[in-house]
Q: 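One structure, as structure tokens, below. Some questions next.
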Amino acid sequence: MKLILSLITVIISFSVVAQNNEYKFFSNDSSLINNFNYFVDSVNNKNSNINANDLKSSFALMLNHDFIDDKHVKEICDVMNVFFNTSKSLDVYSKFIEATCSFPNEFNIKDFQNWAKAIKASEGNIDHITKWKDFFKNNCLYQSPIFIWERANGKAKIEFKDNVSFIEIADATIHCNLYDSIVIDNFSGCYLFNTQTLIGNKGKISWAKAGLDESDVYALLPKNFSINLKRSDLTIDSVSFYYKKYFKNKPILGKLKDKCLNRAEDKNAIYPKFEPYNDFVEIDNMYEDVSFSGNFVLDGNKITGSGSDDDKAQLTIYHDKEPLMQLFSKHFSFTPTNFSSKDAEMLLFIDDDTIHHPSCLSKYVSTTHELKITRDYDRSGAAPFHSTYHKLNIYSDVLSWNLNDDVIIFEPEATFSKGGVAYFESDNYFSEERFRQFETPDGVNMLLSILNYSRKNMETFYLSDIASFCKISEDQVKAILLNIADYGLISYNHNEDQITVNQKLHQYIANRSKKRDYDIISIYSEVKDGANAKLHLETLTLQIVGVDRLVMSEKGNVVVYPYDKSIEVISNMNMHFNGYIRAGLIDIYAQHSHFRYADFKIELPQVDSVS
């Protein structure tokens, strides 16, 4: 009989609800548990997996929870009355009870009241309640099937203003976890539950996951930024970036990007990324004795230095505290221990002159102080090194230098060279045989075609221009142009198929026309191992080894055979050597011989014998 009366009571209650949406079925009095139990027993649970007895037990346990007092019970009743008046299923009650039981100790009654307002405003949206439950239990801000955003440590309080629920957070760590993580330290701001958005006014992201010291490399976030937690990446403008190794304590303003990836190896890390607003930065000590100026971007632990055709990034390398070498490129790659470039122009300063290369591969390892400048045979970098001091074109694979040494080495690269071959040609070298290498199958010499075209137009032009002028295919012209570029007569830009005529081309044609003096001096060096030549920085002498013979003049039949297969080239193609000289029908054996290039004469201060 009592059960029948109870059910009648519930039915009457439901009918009253139909007339008044604000009916309070649950109230904070001695009937609360009985009313809840009657309600659970009366509701049709066909569409619910909730066990009625378990739900009733959970409700009773919730009310006996340590932190629950009359103020909390009042809020619980208000929330459940909203559920009741909107005919929510038992699943909603169950999720709400679970969330309430998970309510953290760090929050107070004010937080609980604001949370209750948020649940009421959502009218018992089960997804909304579930998100709160996950936050209470696991500090989870947002979770997808792939990644999760969480809060650790710090302080928090729940707010509800203008019908919007949010959590105020102070001095917390926010992290997004996939395989690697996004970590925001010292975060202060708020989390908007309805939009899953972080609004921040303080925070710090370091490059620790890229293997860099978190106290040395980091970005301080601005006073107003937002992060969409539905994504596993972020972009924040106006961060203050610190890299104390390079910029001391001076911050750089720019844009930060970070992303969770499904792999995480310090040495291959490509996040976080930083790009400054100021396109130009200067770093005095990129490495010991190496300074940098240019655009600066940090990708993980790799710095990219960049520039444009008109304003390239620049590295300056010092020796004895004086600049000795400069490298110019549109793209340098830096790691904490090395730099490299696939296309760099090199200038090595020698007295008032230079050794120059227009387009080389460069690599430096700071732990060993080893620098390598390599001619790139796949591109226009096959052109020789050119020394205006020695008046030589140096066809060596590699220029290598230990920055702690006073000797720069020209040596073979195992990948390119067989037998350790290099040769060193006079600036005024001319060969009719080489001149004919630049002819088309129809017998048209491309050097003359280039000269004629440049005189009528400009000295910088494109492949299509010269191909049209010569009336032959671009592929056919390009093959010959690349061969010409290998000898430094033109510069060829592979990215744009652009050609620039060098002064050397004009000189070469003038040599053929006998409008200027030329020679045939080409010092051929072949070594089994080791270097072909050494440049001594103290004396600026270029010592070339592996030289069997040197033809000074074909017409006069003058040939030098060095005793130790070694020749020293000093300024302006002047040379020192010890050796046997054949001059026509005369053989001279001499020591400390000196070749004066300007007079084209050999001085013989010590002659051992003549025959």
Side-chain angles (χ1 to χ4, degrees), residues 26 28 32 54-55 57-80 82-83 91-122 124-144 147-161 163-177 181-203 227 229-230:
F26 302 104
N28 184 14
L32 177 57
D54 290 344
L55 182 59
S57 297
S58 297
F59 184 73
L61 289 171
M62 176 190 71
L63 295 179
N64 288 322
H65 206 285
D66 291 341
F67 76 90
I68 296 294
D69 60 20
D70 287 344
K71 292 179 180 179
H72 294 89
V73 175
K74 178 185 179 300
E75 299 298 331
I76 291 169
C77 290
D78 288 346
V79 170
M80 292 202 307
V82 171
F83 296 169
D91 301 83
V92 175
Y93 291 84
S94 176
K95 192 63 68 176
F96 172 69
I97 291 168
E98 186 181 358
T100 303
C101 290
S102 303
F103 198 79
N105 292 330
E106 68 174 304
F107 295 120
N108 58 31
I109 183 60
K110 181 65 174 176
D111 296 306
F112 193 88
Q113 291 168 340
N114 285 330
W115 174 60
K117 290 176 184 177
I119 301 303
K120 287 185 284 187
S122 75
N125 181 287
I126 195 166
D127 288 337
H128 190 70
I129 298 172
T130 299
K131 290 172 184 174
W132 278 104
K133 183 265 298 181
D134 290 341
F135 174 70
F136 292 154
K137 290 185 72 173
N138 304 312
N139 274 311
C140 173
L141 299 174
Y142 177 79
Q143 183 168 9
S144 80
F147 60 88
I148 182 172
W149 283 90
E150 297 174 306
R151 174 191 75 116
N153 56 55
K155 299 177 181 179
K157 63 179 182 177
I158 300 170
E159 297 285 358
F160 186 83
K161 295 178 182 178
N163 213 36
V164 175
S165 60
F166 57 94
I167 303 172
E168 286 191 359
I169 302 172
D171 301 319
T173 298
I174 307 293
H175 50 88
C176 178
N177 296 320
S181 300
I182 295 174
V183 179
I184 307 173
D185 291 315
N186 303 324
F187 173 86
S188 291
C190 66
Y191 174 58
L192 304 182
F193 249 91
N194 292 347
T195 60
Q196 285 81 56
T197 304
L198 272 179
I199 305 296
N201 56 52
K202 188 180 75 169
I227 302 172
L229 301 195
K230 295 178 182 179

Q: Could you check whether Phe96 and Trp115 have their ring centres less than 6.0 Å apart?
A: yes
Q: Check whether the side chains of Asn138 and Glu150 place a donor and an acceptor atom closer than 3.5 Å, and report yes or no.
A: no
Q: Compare all side-chain heavy atoms of Thr130 with those of Ile126 and state whether any distance is below 4.5 angstrom.
A: yes
Q: Run the side-chain donor-acceptor check on residues 186-195: report pairs under 3.5 Å with partners two or more places apart or on a different chain.
A:
| from | atom 1 | to | atom 2 | distance (Å) |
| --- | --- | --- | --- | --- |
| Ser188 | OG | Asp171 | N | 3.1 |
| Tyr191 | OH | Leu141 | O | 2.6 |
| Thr195 | OG1 | Thr197 | OG1 | 3.0 |

Q: Which heavy atom of Ala156 sits nearest to which heavy atom of Glu106, and what is that distance?
A: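 Scanning both residues completely, I find the closest heavy atoms to be N-OE1, 3.8 Å.
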Q: Where do Lys137 and Ser102 come nearest, in terms of heavy atoms and distance?
A: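 Distance-wise, the nearest heavy atoms are CG-OG, 3.0 Å.
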Q: Quick one: side chain to side chain donor-acceptor pair (under 3.5 Å) partners of Asn114, sequence neighbours excluded?
A: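 Result, side chain to side chain donor-acceptor pair (under 3.5 Å) vs Asn114: none returned.
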Q: Taking side chain as C-beta onward, heavy atoms only, is Ile182 less than 4.5 Å from Phe147?
A: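 In short, these two side chains do not touch, never coming nearer than 4.5 Å.
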Q: Determine, stepwise, if the pair Cys140 / Ile148 fulfils side-chain contact (heavy atoms from CB on, under 4.5 Å).
A: CA-CA 7 Å; Cys140 173; Ile148 182 172; 3.8 Å; yes
Q: Before giving the answer on salt bridge (charged side-chain N to carboxylate O under 4.0 Å, His left out), spell out for Lys74 and Asp70 the whole-Å C-alpha distance, their side-chain angles and the decisive distance to 0.1 Å.
A: CA-CA 6 Å; Lys74 178 185 179 300; Asp70 287 344; over 6 Å; no
Q: Any chance you could measure Ile76, atom CD1, to Leu32, atom CG, to the nearest 0.5 Å?
A: 8.5 Å
Q: Listed by chain and number, what are the side chain to side chain contact (heavy atoms under 4.5 Å, CB included) partners of Asn163, not counting sequence neighbours?
A: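 Only Ala121, Phe160 meet the side chain to side chain contact (heavy atoms under 4.5 Å, CB included) criterion with Asn163.
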Q: Hey, which of Phe107, Phe103, Trp132 is the one that makes ring pair (Phe, Tyr, Trp, His ring centres under 6.0 Å) with Phe112?
A: Phe103
Q: In terms of heavy-atom contacts, does CG of Asn153 have more than 12 from other residues, nucleotides or ligands at under 6.0 Å?
A: yes
Q: Take Gln196 and Lys131 through the test side-chain contact (heavy atoms from CB on, under 4.5 Å) and record every step on the way to the result.
A: CA-CA 10 Å; Gln196 285 81 56; Lys131 290 172 184 174; 3.1 Å; yes
Q: Starting from the C-alpha separation in whole Å, work towards a yes-or-no answer on side-chain contact (heavy atoms from CB on, under 4.5 Å) for Lys157 and Lys110.
A: CA-CA 9 Å; Lys157 63 179 182 177; Lys110 181 65 174 176; over 6 Å; no
Q: Report the distance from atom CD1 of Ile68 to atom CD1 of Ile109, rounding to the nearest 0.5 Å.
A: 8.0 Å
Q: Kindly give the heavy-atom pair with the smallest separation between Phe83 and Gly124, and that separation in Å.
A: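 Heavy atoms of Phe83 and Gly124 come nearest at CE2-CA, 3.3 Å.
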Q: Determine whether a donor-acceptor pair (N or O, by modelled atom type, separation under 3.5 Å) exists between the side chain of Asp69 and the backbone of His72.
A: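 Side chain of Asp69 to backbone of His72: a pair is present.
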Q: Roughly how far, to the nearest 0.5 Å, is OG of Ser58 from CD of Glu98?
A: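 Answer rounded to 0.5 Å: 8.5 Å.
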Q: Between Lys95 and Asp91, does any NZ, NE, NH1 or NH2 come within less than 4.0 Å of an OD or OE carboxylate oxygen?
A: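 Salt bridge absent between Asp91 and Lys95.
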Q: In the structure I gave you, are the side-chain heavy atoms of Ile227 and Ile184 within less than 4.5 Å of one another anywhere?
A: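 Ile227 reaches Ile184 side chain to side chain.
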Q: CH2/Trp149 to OG/Ser181 distance, rounded to the nearest 0.5 angstrom?
A: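 Going from the CH2 atom of Trp149 to the OG atom of Ser181 covers 10.0 Å.
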Q: So which heavy atom on Ala172 is nearest to which on Arg151, and how close?
A: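 Minimum heavy-atom contact is CB-CG, 3.9 Å.
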Q: Out of curiosity, Met80 CE to Thr100 OG1, how far, rounded to the nearest 0.5 Å?
A: 9.0 Å
Q: Quick one: CG on Leu198 to CZ on Phe166, what's the gap to the nearest 0.5 Å?
A: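 Between atom CG of Leu198 and atom CZ of Phe166 there are 13.5 Å.
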